J.: 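Following this message is one structure expressed as structure tokens.
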Amino acid sequence: MDPTNLRKPMLQLPASHLLDGLNPEQSRAVTTISGPVLVVAGPGSGKTRVLAHRVAYLMAHEQVPPDRILAVTFTNKAAREMRDRIERLTGGGESARGLVMGTFHALGVRFLRQNPGVVADRLGILPNFLIYDDADQLDLVKRSLIEESLDQKQYAPRRMLSRISNQKAQLISPDEFAQEHVKTFDDEIVRRVYATYQRLLRKANAVDFDDLLALPLALFDAAPRLLEHYQERFLHVLVDEYQDTNRVQYILVSALSGKHRNLFVVGDPDQSIYAWRQADIRNILEFQQDFPEATVINLETNYRSTARIVDTADRVIRENRQRLERSLRTDNPEGEFVVLRELSDGHHEAQFIVAEIRRLVQSDKVTGDDIAVMYRTIAQSRLIEEAFRQSNIPYRIVGGVRFYDRKEVKDVLAVLRLLYNPADEVSLQRIVDNLPLGRGIGPKALEALRYWATLERLPVSEAFVALSTTGAQVAPELGGAGRAASTRLGAVLASLRGRVGSVALTGLFDQIVSETGYKATFAQDSEEEMQRWANVLELRSDLAKYDEVDPAQALPQYLEQVALVSDVDTMEDDSRGRVTLITLHSAKGLEFPVVFIAGVEEGLLPISRAIEAEWQNPAAIEEERRLFYVGITRAKHLLFLTYAGSRMLYGGYMPSAASRFLASLPQQHLRTVAARPTLARSPGRSLTERARNTSSSESSRPVVVVPAPPRKTFAAGDHVFHPRFGEGTVTETADRHDDQELAIDFARHGVKRLLASLANLDPLE
DNA sequence: GAAAGTGGTCTTTTT
DNA sequence: GACCACTTTC
């Protein structure tokens, strides 16, 4: 941590091996050590490798002490992997100790935690601050709406939060917003909500994700010598996924590298998929303007995917107008065809994916680990998950509801959070609403205590504690039942607080679930309840990981980890044979031998919101196209693209059209199969009909349509898969005209009699 | 104050 | 079809 610590590293390894196996451009990226460097790296071009080798090279060859290197990654997982890699390259052991590496947000916390005095004095944030996640923020916005007497129907909290976050990501304070950015009545509402939100956030001694980026800058403004200290210290600053940085991150990085100007950024403008959270593609496009002396290196050779996949990706992304002209190439073999498949609906799509996965796994060429199914929206995962469960295909889901976001987990976490930060009103509210101990404490009691606490200049939870210790003088207008219930809660909080810092977190957990009566709320007889209780116990095992940590430090460290881990971070490298289900966004940076992209449809990819905004904002569609590009380029060997003719939306089936993006797929790499005629559930028109009937929009351009395979016939004993009923065995068959009537015994639904032509059955081996 | 019921609204992606 | 805010009923 000490910047004056300029000790020479003990590494005396020959550094020559660090360039082994790198191509000339990669080598140049590793060895261009002084001045700003921009590496524009296409997918699969070895950028992770370059980053790791560069850091290792700086340490081993240039003798830069690890603690004078700062590397920013997009996820914690990437940081972990990078560290491992660097350690392996530099002789293992603890060689990478001292390297400052992590996400922007983790880095932000680090700066704040390292300077508690200045942060408290100048920014008004006490050392025990909490990090509010998305759900907490939303709670706070709702509370702000209530305080401002605004209708939640009219001013959707989600939208308000997104507008607030946009302001914060541009460093626009509530005051500045009020003075310069209020143009419409809606802006005026935003102004009010933003101001209140920010006030409540600070009152709760909490910071949100945007603050984690903005507050370090405020800190440096308040204490310029602090910035100088870090500038002096960091000889080298490296940033991964630079195309997805926002304005604040750009300023932070520029500031930190301001002294030595050794700023090394790696990114791919074609993979910029976070504009919606204020990522600013200009950061990478204008790097050379910002740093005129910059060296620019292009990595265009793809080592990941087959030639057919690379060419397909290249053709797709070429259609974007706002783009640096460049190409992606590979020396890899041609590989297999890309498969494009139309299905009648989402069930059938899931069933197709299941059938293909079975086929692949049974061929022994791949295992479940090798396969990922990607989609645009989390909602799509449900049908696929269901089909996997019914077919006993092991899977894991990345994204969606984080473990820490589950209700029952959050309930217990709320207590831990409140113990750490008594000002955390969001958690207090949660406890009052959800734990048995909160019963009997209604809005009136809470308001009375809140009022009293304000008068006494205490955090609200202290009012509860005070009730249990000093009783009568507290909140005199609080009557009978409410007073009794509040006193009970206060007593438990006081008792728990007495043990914080001296007892291990698991001990605290045990006391919480028993004394708050939480454990008793889970009914023994309900399977669902038992599952939820199992989740609570899983939280206990998670806490147990911190039992080795000094009890005084365990709670803050744990809570910080909870706030900053993403779902991808917890993804194990070894998925133990399970297929990965993942959103396209989360899949960035990953690779799989086999990739399915489901729902390549108008309305999903591109998403409907982007289509609606198309005329006003064509860039939105381009971002969707980049997302598709990211998906395609995750695949090493096999790529399957599927879309459905109709899809369930708001509880009803809606016709769905093939994505416009499919029109740019090169036909020579494609195997296309249209939907089988399915009479049962097919309100959507087939692709050919759609191409014939709709007008000249791009989306209607026909993709090659291969005739549907001949209808299969079934015999008794056949194993089949039905999109609704799952797996079953044919027990009887009877010929009806040119059709078959089948009796099928389904594992989960018993015997059904179905017509072969209508039932969407797929044979199973 | 709590539980059960009703009607209206939504679904983009995440550190 | 799921979830939430709001109501009715006890």
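Quick caveat, the model's predicted, so the values are computed rather than measured. Just the heavy atoms: all of them, side chains too, but no hydrogens, waters or symmetry mates, feed the values below. So that the names make sense, note that chain A is the first sequence line, chain B the second, and so on, each numbered from 1.
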J.: Does a side-chain N or O from A:K142 land closer than 4.0 Å to OP1 or OP2 of C:dC4, or not?
T.: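 A:K142 to C:dC4 OP1/OP2: no side-chain N or O under 4.0 Å.
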
J.: Rounded to whole angstrom units, what separation is found between the CG atom of A:N434 and the P atom of B:dA3?
T.: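 From A:N434 CG to B:dA3 P: 12 Å.
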
J.: What heavy-atom pair brings A:R625 and A:V316 nearest, and what distance separates the two atoms?
T.: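 Smallest heavy-atom distance, with atoms named: NH1-O, 3.1 Å.
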
J.: For nucleotides 6-10 of chain C, tabulate all protein N/O to nucleotide N/O atom pairs closer than 3.5 Å, reporting atom names and distance.
T.:
none

J.: Please assess A:D139 against A:Y132 for the test side chain to side chain contact (heavy atoms under 4.5 Å, CB included), listing each intermediate value before the final yes or no.
T.: CA-CA 10 Å; A:D139 276 348; A:Y132 270 13; over 6 Å; no

J.: According to the side chain to side chain donor-acceptor pair (under 3.5 Å) rule, which pairs have a member within residues 603-620 of chain A, sequence neighbours left out?
T.: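 Passing the test, one end in residues 603-620 of chain A: A:E614-A:R660.
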
J.: For DNA chain B, which residues in residues 165-172 of chain A have a heavy atom at a distance below 4.0 Å?
T.: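 The stretch gives none, as no residue of it lies under 4.0 Å from the strand.
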
J.: Quick one: A:E447 CD to B:dG1 P, roughly how many Å, whole number?
T.: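 Atom-to-atom, A:E447 to B:dG1, this comes out as 13 Å.
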
J.: Please examine the side chains of A:R417 and A:R430, heavy atoms only from C-beta on, and report whether any two atoms are closer than 4.5 Å.
T.: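 Of all side-chain heavy-atom pairs linking A:R417 with A:R430, none is under 4.5 Å.
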
J.: Report the residues that fulfil side chain to side chain contact (heavy atoms under 4.5 Å, CB included) with A:A379, sequence neighbours left out, ordered by chain and then residue number.
T.: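 A:A379 satisfies side chain to side chain contact (heavy atoms under 4.5 Å, CB included) with A:T377 once adjacent residues are dropped.
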
J.: Could you pull out all residues at least two apart from A:Y230 that satisfy ring pair (Phe, Tyr, Trp, His ring centres under 6.0 Å)?
T.: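 Result, ring pair (Phe, Tyr, Trp, His ring centres under 6.0 Å) vs A:Y230: A:F111, A:F220.
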
J.: Tell me, please, which residues at least two apart from A:Q170 pass side chain to side chain donor-acceptor pair (under 3.5 Å).
T.: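 Residues passing side chain to side chain donor-acceptor pair (under 3.5 Å) with A:Q170: none at all.
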
J.: Who pairs with A:E385 by salt bridge (Lys or Arg N to Asp or Glu O under 4.0 Å), at least two apart in sequence or on another chain?
T.: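 Here the qualifying residues are A:R389.
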
J.: So A:R483 and A:L467, do their side chains get closer than 4.5 Å, heavy atoms only?
T.: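 Yes; the side chains approach each other to less than 4.5 Å.
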
J.: What residues, two or more places apart in sequence or in another chain, satisfy side chain to side chain donor-acceptor pair (under 3.5 Å) together with A:Y518?
T.: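 A:D411.
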
J.: Round to the nearest Å and state the distance from A:R382 atom CZ to C:dC3 atom C1'.
T.: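 Nearest whole value for this atom pair: 13 Å.
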
J.: Could you give the CZ-to-P distance, from A:R483 to B:dG1, as a whole number of Å?
T.: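 Computing the A:R483:CZ to B:dG1:P distance gives 14 Å.
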
J.: For A:G440 and A:L649, find the nucleotide of DNA chain B closest to each by heavy atoms; which residue's nucleotide sits nearer the 5' end?
T.: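 The residue closer to the strand's 5' end, by nearest nucleotide, is A:G440.
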
J.: Within this structure, what is the CG-to-C1' distance between A:L605 and B:dT11, rounded to whole angstrom?
T.: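 Those two atoms, CG and C1', are 15 Å apart.
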
J.: Pairs counted as Watson-Crick or G-U wobble with both distances under 3.5 Å: what dot-bracket string results for DNA chain B, using | for bases tied to another strand?
T.: ||||||||||.....

J.: Report all interatomic pairs (protein N or O, nucleotide N or O of nucleotides 12-15 of chain B) with separations under 3.5 Å.
T.:
residue	atom	partner	partner atom	Å
B:dT12	OP2	A:R609	NH1	3.2
B:dT12	O2	A:R376	NH1	2.8
B:dT12	O2	A:R376	NH2	2.1
B:dT13	OP1	A:I378	N	2.8
B:dT13	O4'	A:R376	NH2	3.3
B:dT13	O2	A:W276	NE1	3.1
B:dT13	O2	A:R376	NH2	2.6
B:dT13	O2	A:H585	NE2	3.2
B:dT14	OP1	A:T583	OG1	3.0
B:dT14	OP1	A:S586	OG	3.1
B:dT15	OP1	A:S566	OG	3.3
B:dT15	O2	A:H105	NE2	3.0

J.: Look at the aromatic rings of A:Y404 and A:Y558 and report parallel, tilted or perpendicular, splitting at 30° and 60°.
T.: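 A:Y404 vs A:Y558 ring planes: perpendicular.
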
J.: In whole Å, what is the span from the CG atom of A:D433 to the P atom of B:dG1?
T.: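 In whole Å, B:dG1 P and A:D433 CG are 12 Å from each other.
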
J.: Assess the side chains of A:E147 and A:T196: does a donor N or O sit below 3.5 Å from an acceptor N or O?
T.: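 There is no such pair between these side chains.
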
J.: Could you state the atom-to-atom distance from CG of A:L383 to C1' of C:dA2 in whole Å?
T.: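 Checked: the CG to C1' distance equals 14 Å.
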
J.: Quick one: list whatever passes side chain to side chain donor-acceptor pair (under 3.5 Å) with A:R159, sequence neighbours left out.
T.: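 A:D186.
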
J.: Using the test side chain to side chain donor-acceptor pair (under 3.5 Å), find all partners of A:R277 that sit at least two apart in sequence or belong to another chain.
T.: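 Per chain and number, A:R277 pairs via side chain to side chain donor-acceptor pair (under 3.5 Å) with no residue.
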
J.: I'd like the C1' distance from C:dC4 over to B:dT13, given in whole Å.
T.: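 Going atom to atom, C1' in each nucleotide, I get 22 Å.
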
